[in-house]
Amino acid sequence: KKRGNIYLSGAGPSAWHEEYPVAKGKRQSPVDINTNKTKFDPKLAADPLTIRFSDSCCQSIVNTGISFQVTSNGAGCELSGGPLDSTYQFAQFHAHWGAYLKTTGSEHTVDGVSYPAELHLVHWNTKYDDFKDAVDKPDGLAVIAVFFKRGKEHPGFGKIQDLFSKIPAKGAKVNIDFEFNPGLLMPPDSENYWTYLGSLTTPPLYESVTWIVMKEPLEVSVEQIAILRTLLWETPNGVSQMYNNFRPPVPLRDRVIRASFG
Ligand SMILES: NS(=O)(=O)c1ccc(NC(=S)OCCc2ccsc2)cc1
Ligand SMILES: [Zn+2]
C-alpha cells in the first residue's frame, strides 16, 4: 500500500496518533470555533495585527503531494502584533479543500460549519535561526488561515492556479517569474480574527502554531474551487485528483479561542 498519502492510507487522520502520539495532544489543530465560547480580548484590538507582504517574495510553487505550496524567501513579508510577542517571517502558503459538490474542505469550522477550502499562510518566529529551527518550538510558527467561499472570481488566486498544470506530480516545482503579492489573498476585512494556540494540521503535528483565523472568508469562483482538484496526488489506487486533503477538527481541550472583535 502506498503510504505516501497521509489522508488516504490506513484510517487516515484518525490513525495518525499511531505514528505521531502528539495527535492526541493538548494543543492540536484544527478546531471548531464555537462563536458562543470565544472571548473578545481588547488587547488584540489595542495592539493591531500587522501583516506585511511584498510583491517580490513568492519564488516558486511545488506539488508537495498533499497540497500546492508557494514558497517564499520572506523578503518584506512579516507578521507582528495582535497575539504575537515577536516578528514572524512569511515562509509559504498552501491550502486544503474538499470534494466535488461537498461543503466540507476547510480544516477549521465555525459553529460546526465548514467552508469548501482553507488557505494557510505560514510564518516562522525570527527569534529562531530559520524555519526548521522554529517548526517544533511552542512559539515557533504563526499561521494565518483564510476561508474560501464560493462567489466572484479571484483573478489573483487565478494567477497561482494557472501554474497547477506545470506541477502535475509530487515533487514537481516551477519558479514564479511574475510578481505576486500574497496580500491579495487576505479578505477585505482582516481586522476581525480568532486566535488560539495549536499545531501543524499534518504530521509531524508539532504543537508550535499560533493560529490566526480570519473571520471574513475570501470569495473565489466555483470554477476556482474545482481547479484545486486538478492537482494530482498518489493514492493506494494510483495517481488521481487531489481533494479531501484536510484534517477534521479535534477537541479544543483546555483552550479558549480569543476574538479581536466584540
Ligand atoms: N497545515 S499547516 O499550516 O498546519 C502546516 C504548515 C507547515 C507544515 N510543515 C512543514 S512546512 O514542514 C516543512 C518540513 C519539515 C521541517 C521540519 S519537520 C517538517 C505542516 C502543516
Ligand atoms: Zn495547512
Side-chain angles (χ1 to χ4, degrees), residues 5-34 37-39 41 44 49 64-67 69 71 79 82-86 88-98 104-110 112 114-115 117-147 193-215 244-260:
N5 193 314
I6 56 171
Y7 297 99
L8 297 178
S9 62
S14 59
W16 289 351
H17 68 94
E18 293 164 11
E19 192 169 347
Y20 302 93
V22 76
K24 292 178 181 288
K26 293 190 174 59
R27 56 171 282 189
Q28 287 289 295
S29 294
V31 295
D32 177 51
I33 298 167
N34 178 333
K37 295 183 178 166
T38 57
K39 181 167 174 31
D41 182 350
L44 295 175
L49 188 63
T64 61
I66 56 170
S67 187
Q69 181 172 303
T71 303
L79 186 59
L84 306 174
D85 292 337
S86 66
Y88 288 68
Q89 189 165 45
F90 177 56
Q92 53 107 326
F93 72 82
H94 64 273
H96 307 261
W97 57 90
T104 51
S106 62
E107 299 210 296
H108 292 89
T109 55
V110 181
S114 293
Y115 285 87
E118 182 175 329
L119 184 80
H120 289 158
L121 298 118
V122 183
H123 299 68
W124 57 276
N125 192 331
T126 56
K127 80 189 238 193
Y128 299 109
D129 293 343
D130 56 25
F131 176 90
K132 289 228 187 302
D133 190 34
V135 75
D136 63 350
K137 307 298 186 295
D139 60 353
L141 302 182
V143 182
I144 299 174
V146 181
F147 295 120
Y193 61 85
W194 296 288
T195 184
Y196 75 99
L197 296 181
S199 73
L200 301 180
T201 64
T202 66
L205 299 169
Y206 292 139
E207 298 191 325
S208 60
V209 182
T210 298
W211 280 96
I212 294 165
V213 182
M214 291 295 151
K215 176 174 184 273
N244 288 342
N245 55 352
F246 65 92
R247 186 189 194 186
V250 298
L252 186 60
R253 310 282 291 269
D254 182 29
R255 292 177 285 181
V256 172
I257 299 173
R258 292 184 289 158
S260 69

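Being a predicted model, the structure only gives us computed values, none of them experimental.
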Side-chain donor/acceptor of [X] to backbone N/O of [Y], under 3.5 Å:
X: T195; Y: R258; answer: no
X: Q28; Y: S199; answer: no
X: S106; Y: A117; answer: no

- Query: Can S14 and W16 be said to form a side chain to side chain contact (heavy atoms under 4.5 Å, CB included), step by step?
  - Reply: CA-CA 6 Å; S14 59; W16 289 351; over 6 Å; no
- Evaluate the criterion side chain to side chain donor-acceptor pair (under 3.5 Å) for residue pair Y196 and S29; output intermediate values, then yes/no. CA-CA 10 Å; Y196 75 99; S29 294; 2.8 Å; yes
- Query: Quick one: does I212's side chain get under 4.5 Å of L121's, heavy atoms only?
  - Reply: no
- Item | Pair Y128-D139, side chain to side chain donor-acceptor pair (under 3.5 Å): steps then yes or no | CA-CA 10 Å; Y128 299 109; D139 60 353; 2.5 Å; yes
- Query: Would the Y115 and W97 ring centres measure less than 6.0 Å apart?
  - Reply: no
- Please check if the distance between the ring centroids of W194 and H108 is under 6.0 Å. no
- Query: Looking only at side chains, do T201 and E107 share a donor and an acceptor under 3.5 Å apart?
  - Reply: yes
- Task: Applying side chain to side chain contact (heavy atoms under 4.5 Å, CB included), run through D32 and L252 and close with a yes or a no.
- Result: CA-CA 8 Å; D32 177 51; L252 186 60; over 6 Å; no
- Query: Parallel, tilted or perpendicular: which describes the rings of H94 and H96, with under 30° parallel and over 60° perpendicular?
  - Reply: perpendicular
